[in-house]
Amino acid sequence: MRRRSRLGGSPWVWFTPLLVLLLIVTLYPLGFVFWMSAQKTQYFDLVGFVGLKNYIGVFRSQAFWDSSRASLIFVFGSLGVALPAGLIAAIVSNEL
């Protein structure tokens, strides 16, 4: 037989409001951003729906690939320095 919590009710009763809130806070903005990215804009006005044309333009852009490469070099370069430094600091502080 399952034990009920001291507060009573199923755990789903307590977690459902939080899950609904998380879904609203994450899925609505995600859907809205995707919808906005499929629009043609002129300054702050929506001119019309263009579908995936914006994405195709970005992936064909050399500037996108150059900046993506630079970002990846920075991320892996930073990790290459930060991880060993943190590991050494942890080992040294553990030995003290």
Side-chain angles (χ1 to χ4, degrees):
M1 188 166 119
R2 287 179 136 174
R3 275 185 45 186
R4 297 267 181 185
S5 67
R6 290 183 301 160
L7 298 175
S10 169
W12 286 105
V13 172
W14 295 98
F15 287 116
T16 300
L18 176 66
L19 292 174
V20 169
L21 180 65
L22 283 173
L23 287 174
I24 290 171
V25 168
T26 57
L27 291 181
Y28 173 73
L30 182 66
F32 184 71
V33 165
F34 182 72
W35 177 76
M36 288 289 292
S37 70
Q39 304 291 321
K40 181 178 170 129
T41 58
Q42 196 169 30
Y43 299 104
F44 293 107
D45 295 329
L46 297 178
V47 177
F49 182 78
V50 293
L52 297 177
K53 187 176 178 183
N54 290 336
Y55 289 103
I56 293 169
V58 166
F59 287 124
R60 287 185 179 169
S61 168
Q62 187 61 36
F64 169 77
W65 293 111
D66 290 342
S67 63
S68 295
R69 186 177 63 245
S71 295
L72 288 173
I73 290 170
F74 176 77
V75 165
F76 288 114
S78 300
L79 286 174
V81 172
L83 284 177
L87 182 63
I88 290 169
I91 291 171
V92 167
S93 67
N94 191 37
E95 295 296 325
L96 296 178

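All values below come from the heavy atoms of this structure, side chains included, with hydrogens, waters and symmetry mates left out.
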Starting at NZ of K40, measure out to CZ of F49 and round the result to the nearest 0.5 Å.
14.0 Å
What residues, two or more places apart in sequence or in another chain, satisfy side-chain contact (heavy atoms from CB on, under 4.5 Å) together with I56?
R60
Among all residues two or more places apart in sequence or in another chain, which pass the salt bridge (charged side-chain N to carboxylate O under 4.0 Å, His left out) test with R69?
D66
Identify the two heavy atoms, one from P84 and one from L79, that lie closest to each other, and give their separation to 0.1 Å.
CD-O, 3.6 Å
Using every non-hydrogen atom in the two residues, find where I24 and P29 come nearest and quote the distance to one decimal.
O-CD, 3.4 Å
So if you build clusters from Ile, Leu, Val, Met, Phe, Trp, Tyr with side-chain heavy-atom gaps below 4.5 Å, do L21 and Y28 land together?
no
Answer yes or no: is there a side-chain heavy-atom contact under 4.5 Å between F74 and S71?
no
Going by ring-ring contact (aromatic ring centres under 6.0 Å, His included), name the residues that satisfy it together with Y55, two or more places apart in sequence or in a different chain.
none
Can a donor-acceptor pair be found, under 3.5 Å and without considering hydrogens, that links the side chain of S68 to the backbone of W65?
no
From L23 CG over to L18 CG, what is the distance, rounded to the nearest 0.5 angstrom?
9.5 Å
Considering all heavy atoms, the nearest W12-L19 contact:
CZ3-CD1, 3.6 Å
Transitive ILVMFWY side-chain link L46 to F32, under 4.5 Å
yes
